[in-house]
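Treat the numbers as computed from the prediction; the structure is a model and nothing was measured.
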Amino acid sequence: MSSSTRHRLLAAAGIVTLSLLIPGTAEAAPRPVRLLGEQRVPHNLQFQGTTVGGLSSIDFDPRTGGYVFISDDRSAINPARFYTAKFDVSAKGVGPVTFTGTHPLLRPDGTPYPPLAKNDPAAPQNEQTIDPEELRVDPWTGHYTWSQEGDRLADQHLIQPSIREAARDGHYVRDLPLPANERMTPDAGPRRNYVLEGLAYTGFGTLLASEVEAPLLQDGPPPTPTSGALSRITLQSRFGHVLAQYAYPQEKLFAEPKPATGFADTGVSSMLAVNQADPTKFLMMERSFVTGVGNKVRIFEIDTTGATNVLNTPSLTAAKHVKPVKKRLLADLSDLPLSTVDNIEGMTWGPALPSGERSLLLVSDNNFSASQVTQVVALAVPSERL
């Protein structure tokens with residue numbers, strides 16, 4: 001049956017859709033996210049007396065037109081630090097990464113953070129060793145707001161996680177308050193190495209959102225190959241006041257380890273505001289590794305509208321009628337023609353493209369391992385997908 005015949009029969013039956021009456025109104029499938037290109041930073045690149053590696057976040061700096069990376073080196077190789085860099089992003093791809101500077105992150109007394117082996121448990125919390133993870137450029141001041149995971153040490157000494165502000169030369173400015181449930185205690189709070197990995201400004205810089213990588217101890221076990229889990233997103237004023245928390249539904253592990261006794265890990269490694277005008281929409285990066293299978297990195301768009309405020313909910317497993325944020329898949333990096341999907345941990349928006357798409361830039365943390373790579377990846381995201 002021809003299309004015109006089908007339309008006449010539908011019309012005769014009184015079944016006429018708007019898309020048939022108005023030419024060109026049929027809804028087209030949204031364009032997919034596509035790969036623009038990728039660059040690799042040489043392994044163990046030496047720059048200004050430091051070894052480049054462990055790059056666990058990336059952010060665009062509008063004051064320079066360049067980018068800022070944080071290294072998750074816990075002062076074991078060089079003092080905990082960040083890097084500035086420049087590279088071109090266009091419809092043709094992404095250009096070589098040129099590092100332009102580096103500064104250590106400094107304690108309140110102006111000295112670098114010590115390595116774990118030399119940490120003084122008697123020192124104030126903001127002077128103890130740190131585990132840097134995410135860094136964002138403050139859109140108001142140009143300062144660097146950065147998160148770190150703290151630690152749970154074998155002797156039960158707890159190093160608390162934190163969100164801190166640093167001047168552009170790395171000098172300490174202040175700590176922002178965290179909600180009480182994100183403080184570590186012997187039997188509650190964040191899990192070791194699964195703490196503050198996501199950080200994002202929104203509301204034109206008036207608000208700061210953060211995400212713990214995995215469920216708090218009191219919120220149940222982390223994801224498994226058969227079930228997901230709930231972690232928490234916190235929204236606070238840029239001045240520190242905590243406003244709300246929302247439950248974020250994490251995906252289950254994408255595969256079983258091979259062998260079955262092998263290591264498997266998953267969690268949220270970065271978050272990013274979709275746009276500064278809407279404080280309810282974010283991108284969330286879920287990064288997973290399964291022994292014998294490899295890495296999987298997925299980026300989801302979420303919406304906190306209508307989600308339950310769980311700030312005063314002691315346990316998400318015990319609570320009833322908690323409505324988590326809404327989420328939908330934006331991109332699975334396994335579907336893109338990348339040379340490899342490594343331990344990608346950071347993301348930021350890059351320049352708009354002539355096609356009307358937005359560039360989204362990603363970076364991988366090579367853990368200073370020769371078997372991994374430091375990738376800078378550029379994606380093109382169609383505006384209709386957001």
Side-chain angles (χ1 to χ4, degrees), residues 35 37-58 67-87 93-105 112-118 129-135 148-149 151 192-194 197 213 253-255 257-259 261-267 269-270 285-298 333-334 336-347 361-378:
L35 176 67
E38 63 177 303
Q39 288 285 339
R40 292 192 182 187
V41 175
H43 179 63
N44 281 349
L45 174 69
Q46 299 300 298
F47 178 75
Q48 294 186 1
T50 71
T51 299
V52 177
L55 303 183
S56 60
S57 79
I58 179 175
Y67 298 88
V68 188
F69 300 98
I70 200 169
S71 172
D72 67 1
D73 180 3
R74 302 186 63 177
S75 296
I77 298 172
N78 304 116
R81 61 202 175 278
F82 62 89
Y83 293 93
T84 56
K86 289 196 172 183
F87 52 88
V94 55
V97 179
T98 301
F99 289 91
T100 58
T102 184
H103 292 281
L105 294 160
Y113 289 91
L116 185 61
K118 296 182 179 179
T129 188
I130 53 166
D131 187 1
E133 290 296 344
E134 185 99 291
L135 180 150
Q148 64 93 21
E149 294 194 291
D151 209 343
R192 184 178 188 270
N193 204 35
Y194 289 97
E197 293 236 2
E213 185 179 2
L253 272 169
F254 70 97
K258 300 176 183 179
T261 55
F263 177 74
D265 171 60
T266 189
S269 61
S270 185
M285 177 185 287
E286 293 190 42
R287 178 272 329 267
S288 309
F289 173 77
V290 175
T291 299
V293 183
N295 294 290
K296 180 175 278 291
V297 178
R298 289 166 287 188
L333 299 195
S334 301
L336 301 176
L338 283 161
S339 61
T340 185
V341 177
D342 210 286
N343 182 36
I344 292 179
E345 289 200 357
M347 61 180 169
L361 308 177
L362 317 176
V363 69
S364 68
D365 172 2
N366 70 345
N367 294 308
F368 295 94
S369 169
S371 64
Q372 295 181 255
V373 299
T374 298
Q375 289 174 287
V376 174
V377 176

> Identify the two heavy atoms, one from F69 and one from A85, that lie closest to each other, and give their separation to 0.1 Å.
CE1-CB, 3.6 Å
> Taking atom types as modelled, is there a side-chain donor on N295 or R287 under 3.5 Å from an acceptor on the other?
no
> Does any N or O in the side chain of T129 come within less than 3.5 Å of the main-chain N or O of P114, such that one atom is a donor and the other an acceptor?
yes
> Is there a donor-acceptor pair under 3.5 Å between the side chain of T102 and the backbone N or O of Y83?
no
> For F289, is there any backbone N or O sitting under 3.5 Å from a side-chain donor or acceptor partner on D265?
no
> Just by modelled atom types, is the F47 backbone N or O under 3.5 Å from a matching donor or acceptor in the T50 side chain?
yes
> Is the side chain of E38 donor-acceptor paired with the backbone N or O of S339 at a distance under 3.5 Å, no angle test?
yes
> Answer yes if the side chains of D342 and Q375 hold a donor-acceptor pair under 3.5 Å, and no otherwise.
no
> Can any side-chain N or O of Q46 pair as donor or acceptor with the backbone N or O of N44 at less than 3.5 Å?
yes
> Does I130 offer a backbone N or O that forms a donor-acceptor pair with the side chain of R74 under 3.5 Å?
yes
> From H43 NE2 over to F368 CZ, what is the distance, rounded to the nearest 0.5 angstrom?
9.5 Å
> Taking side chain as C-beta onward, heavy atoms only, is D131 less than 4.5 Å from D151?
no
> So how far is it from R40 CZ to T374 OG1, rounded to the nearest 0.5 Å?
9.5 Å
> Please walk me through it: do E286 and K296 pass salt bridge (Lys or Arg N to Asp or Glu O under 4.0 Å)?
CA-CA 8 Å; E286 293 190 42; K296 180 175 278 291; over 6 Å; no
> Regarding S270 and E134, is there a side-chain donor-to-acceptor distance under 3.5 Å anywhere?
yes
> Any side-chain heavy atom of E345 within less than 4.5 Å of one from E133?
yes
> Taking the side chain as every heavy atom from C-beta outward, state whether Y67 and V97 have any atom pair closer than 4.5 Å.
no
> Only one of V41, T340, N366 forms a side-chain contact (heavy atoms from CB on, under 4.5 Å) with V373, so which one is it?
T340
> To the nearest 0.5 Å, how far apart are CG in L135 and OG in S71?
11.5 Å
> Considering all heavy atoms of both residues, which atom of N367 and which atom of D365 are nearest to each other, and what is their separation?
N-OD1, 2.8 Å
> Can you see which heavy atom on T266 is nearest to which on Y194, and at what distance?
O-CE2, 4.0 Å
> Considering non-hydrogen atoms only, spot the tightest contact between P132 and S56 and give its length.
O-OG, 3.8 Å
> Among L338, L333, V94, exactly one meets side-chain contact (heavy atoms from CB on, under 4.5 Å) together with L35. Which residue is that?
L338
> Looking only at non-hydrogen atoms, find the nearest pair between M347 and M285 and report the distance.
CE-N, 3.7 Å
> About how many Å separate CD1 of I77 and OG of S75, when rounded to the nearest 0.5 Å?
10.5 Å
> Is the backbone of N343 close enough, under 3.5 Å, to the side chain of S364 for a donor and an acceptor to pair up by distance?
no
> With a 3.5 Å distance limit and no angle check, can you tell me whether T84 reaches the backbone of G101 through a side-chain donor-acceptor pair?
yes
> Would you check if Q148 and I70 make a side-chain contact, meaning some heavy-atom pair closer than 4.5 Å?
no
> Looking at OG of S57 and CD of E197, how far apart are the two atoms once the value is rounded to the nearest 0.5 Å?
10.0 Å
